[in-house]
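First up is the structure itself, then whatever we jot down about it.
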Amino acid sequence: MKYNSPELIFLNGKKLNQKFYLQPTLKIARELLGKIIVRRLEDKILAGKIVETEAYIGEDDPACHAYGGITPRNKVMYLSGGHAYVYFTYGMHYCFNVVTEKEGFPAAVLIRAVEPIMGIELMKKFRNTNDINNLTNGPAKFCQAFQIDKRLNGASLLEDEIFIIEPTNTETFKIVRTPRIGIKQGLDKKWRFFILGNPFVSKTKPTPKP
DNA sequence: CTCTGGATTAGCT
DNA sequence: GCTAATCCAGAGC
């Protein structure tokens, strides 16, 4: 797809604005479900519907990277809502977050899974698989499929490299709320949201009981 | 400076 | 169920 293709102009016109990203983080985590995240590459467009998110809120949230205060790594979380926070973990994976709330308050929404919509063949190439059900059903898989790495850390979602748009058709779905995945602290907070029944939600083991 | 372990995944048992 | 893969932030010295 070319930069000025009708599809891209259409997509850009529906971009979420900063007002959306300045709302309370839990509201954004819930409302991002069903929205379309768009990644612009050299001459291609990748797009997917967000189906699973998690909220990480403030210096008092023990699972949040900003727990205990600002550092070189987490400083992007302190920017105003509408930036991208991308971090590297486990020696081989990236995870993508949407920074939320006003400048100075560290909070973000982790995109845990999306449903592929556009550029699926390219995603298969980046993920080195032909299994559509295994392309973007996890935070690091999504980053690999969408060519997201630390170069996008701090990028503005109001610009064109990566951004989120309103879906064209309004579908209804049921939202489920559970504790977050893969953390050892903060399990008391039910800050993970996903679309019930969507096949692209990440596969997770049952939540262990305390 | 060194050391530890993580908002994960794939592949094997 | 288990663990290797493998980078870097953060903590401790």
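Any value given below was found using the heavy atoms of this structure, including those in side chains, with hydrogens, waters and symmetry copies removed. Residue numbering restarts at 1 for every chain, and letters A, B, ... go by the order of the sequence lines.
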(message) Counting distance alone, no hydrogens or angles: does the base of dA7(B) have a donor or acceptor under 3.5 Å from a partner atom on the side chain of Tyr87(A)?
(response) yes

(request) Go through dC7(C), dT6(C), dA7(B) for me and flag the one nearest to the Met92(A) side chain. (result) dT6(C)

(request) Validate the cation-pi geometry between Lys15(A) and Phe163(A): distance from NZ or CZ to the six-membered ring centre under 6.0 Å, angle to the ring axis within 45°. (result) yes

(request) Measure from CD1 on Ile183(A) to P on dG6(B) and round the result to the nearest Å. (result) 12 Å

(request) For Arg192(A), answer base if it contacts any base atom (sugar-phosphate contacts may also be present), sugar-phosphate if it contacts only those atoms, and nothing otherwise; contact means non-hydrogen atoms under 4.0 Å. (result) nothing

(message) What's the closest nucleotide to the side chain of Arg73(A) if the choices are dA10(B), dT8(B), dA9(C)?
(response) dA9(C)

(request) Report the base-pairing partner of dC2(C) (Watson-Crick or G-U wobble, both distances below 3.5 angstrom), or none. (result) dG11(B)

(message) Quick check: is Leu135(A) connected to Met92(A) through a chain of hydrophobic side chains (ILVMFWY, heavy atoms under 4.5 Å apart)?
(response) no

(message) Does dT8(B) have OP1 or OP2 under 4.0 Å away from a side-chain N or O of Arg112(A)?
(response) yes

(message) If you only use heavy atoms from C-beta on, which nucleotide in dG10(C), dA7(B), dC8(C) is closest to the side chain of Phe88(A)?
(response) dC8(C)

(request) Ignoring hydrogens and angles, tell me if any N or O in the side chain of Asn137(A) forms a donor-acceptor pair with the backbone of Ile132(A) under 3.5 Å. (result) no

(request) Both distances under 3.5 Å, Watson-Crick or G-U wobble: report the partner of dC8(C), or none. (result) dG5(B)

(request) Quickly work out the Asn137(A) CG to dA10(B) P distance and round it to whole Å. (result) 8 Å

(request) Send over the distance from Tyr90(A) OH to dT4(B) P, rounded to a whole Å. (result) 17 Å

(request) Taking only Lys NZ, Arg NE, NH1 and NH2, and the carboxylate oxygens of Asp or Glu, determine whether Glu101(A) and Lys27(A) approach each other closer than 4.0 Å. (result) no

(request) Could you tell me whether the phosphate oxygens of dG10(C), OP1 or OP2, come under 4.0 Å of any side-chain nitrogen or oxygen in Thr71(A)? (result) yes

(message) Ring of Tyr56(A), cation from Arg180(A) - is the NZ or CZ under 6.0 Å from the centre and inside 45° of the axis?
(response) yes

(request) Tell me which of Arg127(A) and Gly91(A) sits closer to the 5' end of DNA chain B, going by the nucleotide each one is nearest to. (result) Gly91(A)

(request) For nucleotides dT3(C) and dG5(B), find the distance between their P atoms and express it as a whole number of Å. (result) 15 Å

(message) Please report the distance, rounded to the nearest Å, between NE2 in His93(A) and P in dT9(B).
(response) 6 Å

(request) Go through the N and O atoms of the side chain of His65(A) and the base of dA7(B), and report whether any donor-acceptor pair is under 3.5 Å. (result) yes

(message) Let me spell it out: for each of Lys184(A) and Asn134(A), pick the nucleotide of DNA chain B with the closest heavy atom. Which residue's pick is nearer the 5' end?
(response) Lys184(A)

(request) Provide, to the nearest angstrom, the distance between the CG atom belonging to Leu135(A) and the C1' atom belonging to dA10(B). (result) 15 Å

(request) Going by the side-chain contact (heavy atoms from CB on, under 4.5 Å) test, name the single residue among Ile175(A), Thr178(A), Val51(A) that passes it with Phe194(A). (result) Thr178(A)

(message) How many whole angstroms separate atom CD1 of Ile70(A) from atom P of dG10(C)?
(response) 10 Å

(message) Without decimals, in angstroms, what is the distance between Glu54(A) CD and dT8(B) P?
(response) 7 Å

(request) Could you tell me the separation between the NZ atom of Lys150(A) and the C1' atom of dA9(C), rounded to a whole number of Å? (result) 12 Å

(message) Mind checking if Leu110(A) touches a base, just sugar-phosphate, or nothing, with heavy atoms under 4.0 Å?
(response) base

(message) Base, sugar-phosphate or nothing for Ala63(A)? Non-hydrogen atoms, less than 4.0 Å.
(response) base

